[in-house]
Every structure is written in C-alpha cells, then in structure tokens.
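What you see is a predicted model; the values in this text were computed from it and never measured. In listed order, ligands and their atoms are each counted from 1. Worth knowing before you read on, the calculation uses all heavy atoms, side chains too, and leaves out hydrogens, waters and symmetry mates.
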Amino acid sequence: MRIILLGPPGAGKGTQAQSISNKYNIPQISTGDIFRKNIAGGTELGILAKSYMDKGLLVPDNVTIDLVKNRLKEDDTHNGFLLDGFPRTIHQAEVLEALLKEQSVAIDVALQIEVPREFIIQRMTGRRVCPNCGASYHLEFNPPMLRGICDDCGSHLIQREDDKRETVVERLEIYDFQTAPLIAYYTEKGKLKTVDGTKAINEVFEDIIRILGEANDHH
Ligand code: ADP
Ligand code: AMP
C-alpha cells in the first residue's frame, strides 16, 4: 500500500507511522526525521534545513522534493511506503503524483489524523523524541518505561528545538496556510480518509487498521 499521513504537527503522525509501518511491512518515510538526521550529521542539507526548521518554516519545495524523489528510488519502496510529513504543500503533492504516474502507480490512501487545536500545544510541548531512532514519546500521554530513555534503543530522549511554544504557534500557522489545503486536494481525488486522533494511541491505531483494511479491499 502507498499511504500518506496528513494532519497538523502534533497530531500523532510519527507515533502511528511506526506502528503502521511494522504492521504492513512498508518503510516509513519521514522528511522531518531525514532532515533531523542530516542536522545531527552536520551535512550541508542539515545546515540548510535547520535554518528553516528552527523558525518553524517549511524547508523549500525544491530541496524537499529532491530528497523524496531519491528516497522513492530505493528498492524497499517497491511494495509500498508510508509518507509521514510529506507532501506539505500542493506543489509537493502535484510533483509526487506525477512521479508515481511515471511508474504507473498511485497513492492508495491519504489518511488524515484529525485533532482539534486545543490538544495540539499540550502534545507538542510534552513531546520527547529519540534522536537515534526517531521514536516519539510524551511526558504524560506516552512516557517511556525508564524516564528519559528510549524504550526501543536505549538512547537519551531530547526535546525538539522546534517544539518550544513560540515555534509551535508559528508551525500551526504555516500548517493552516500551506498544508491544510491538501485535505481538499485529496478529497477531490477520492483518496481522503479521516481518523479521530483525540482517542488513546492504541485506539487510534485500531481505527487506522480498520480504515486501511477497508481501503485495501476496494482494490
Ligand atoms: P506528529 O508526528 O504528527 O507531529 P507525534 O506522533 O510526534 O506527532 O505526536 C505528538 C505528541 O503527541 C507526542 O508527544 C506523542 O507521544 C503524543 N501523542 C501522539 N498520539 C497521541 C494520542 N492519541 N493521545 C495522546 N498523545 C498522543
Ligand atoms: P516534522 O518532523 O514532520 O514535524 O517536520 C519538522 C520540520 O521539518 C517542519 O517544521 C519543516 O521545517 C521541515 N519539513 C518536514 N517535512 C517537510 C516538507 N514535506 N516540506 C517542507 N518542510 C518539511
């Protein structure tokens, strides 16, 4: 299956993406994670991406699109993939569609995780992430077994630079202007499915599995 995850920052895309990727055995492609890996590695791409990310802005389309184009050329994507955090603009969505068309394939589902604004700030300010494997935790809603330590790989958890309150507000504005129009875009294409993201993490996952199962049956 070829799946896109949509939703505002803090909706739970990364959290669900890991479980979906394991269940369907498809790679999770998170542009945010790729940028953060590059920042940690001090690459040229990382330095460029950081200058936008720290301000809560989107990394320019040409840079992001090149990155995804290259990632989708890798063999592990042939049986499907899960895009988490891409596309984030209409232009990115259009390029992705054209790219897949060249390979005679298409997105199966654009899955929107719907979470009202009042939940989001609390989710993002309480988020702690693993700089090594990208796993996402929450101080209150999804704490690791050992305080400050990743359950999966044992690394020390950190707070993301862009999860500070001021940056969160900026990111939500950018989402409304640049990314939210994708909901109408995928609705028109008949690809949009929506899940209620306010439930507990495992309940959201169960709902997602049901929705993806139904979408798969129709093919
Ligand atoms: P995104 O990738 O969409 O930005 P994350 O998956 O990192 O969002 O989730 C944001 C924060 O909210 C994390 O701290 C995560 O642990 C927490 N979270 C995710 N899903 C839920 C949920 N259903 N209920 C409560 N907290 C959640
Ligand atoms: P995320 O981890 O998905 O919350 O992304 C963190 C940051 O990385 C975003 O705020 C953007 O600055 C940048 N980013 C991630 N994905 C994209 C994208 N598809 N287009 C532009 N910028 C992106």
Taking the six-membered ring of Y52 (Phe, Tyr or Trp), confirm whether the NZ or CZ of K50 is under 6.0 Å from its centre and within 45° of its axis. no
Among all protein heavy atoms, pick the one closest to atom 11 (C) of ligand 1 and tell me residue, atom and distance. R123 O, 3.5 Å
Quick one: look up the protein heavy atom nearest atom 21 (C) of ligand 2 and list residue, atom name and how far away it is. V59 O, 3.2 Å
Where ligand 1 meets G197 - atom numbers and elements under 4.0 angstrom, heavy-atom basis: 23 (N)
Just to be sure I'm reading this right: ignoring hydrogens, which of R171, R36, Q178, R127 gets closest to atom 10 (O) of ligand 2? Compare them by their nearest heavy atoms. R171
Backbone or side-chain N or O of Q92 under 3.5 Å from ligand 2 N or O: yes
Check each atom of ligand 1 against the heavy atoms of S136 and keep those under 4.0 Å away; list them by number with element. 5 (P), 7 (O), 13 (C)
Check ligand 1 against K199 and write out every atom of the ligand that is under 4.0 Å from a heavy-atom position of the residue. 22 (C), 23 (N), 24 (N)
Report, in ascending order of atom number, the atoms of ligand 1 lying under 4.0 Å from any heavy atom of T15. 5 (P), 6 (O), 9 (O), 15 (C), 19 (C)
Identify, by atom number and element, the atoms of ligand 1 in contact range of F141, meaning under 4.0 Å from any of its heavy atoms. 25 (C), 26 (N)
Shortest protein heavy-atom distance from atom 11 (C) of ligand 2, along with the residue and atom involved: L57 O, 3.6 Å
Measure the distances from the heavy atoms of G10 to every atom of ligand 1 and state whether one is below 4.0 angstrom. yes
Taking only residues two or more places apart in sequence, or in another chain, which ones meet D152 in a salt bridge (Lys or Arg N to Asp or Glu O under 4.0 Å)? none
Numbering as shown, the atoms of ligand 1 that approach Y137 to under 4.0 Å (heavy-atom distance): 13 (C), 14 (O), 16 (O)
Protein contact of atom 2 (O) of ligand 1 - nearest heavy atom, named by residue and atom, plus distance: G14 N, 2.8 Å
Does only the side chain of A200 get under 4.0 Å from ligand 1, or the backbone, or both, or neither? Count heavy atoms. backbone
Write out the residue and atom name of the closest protein heavy atom to atom 8 (O) of ligand 1, then the distance separating them to 0.1 Å. G12 N, 3.2 Å
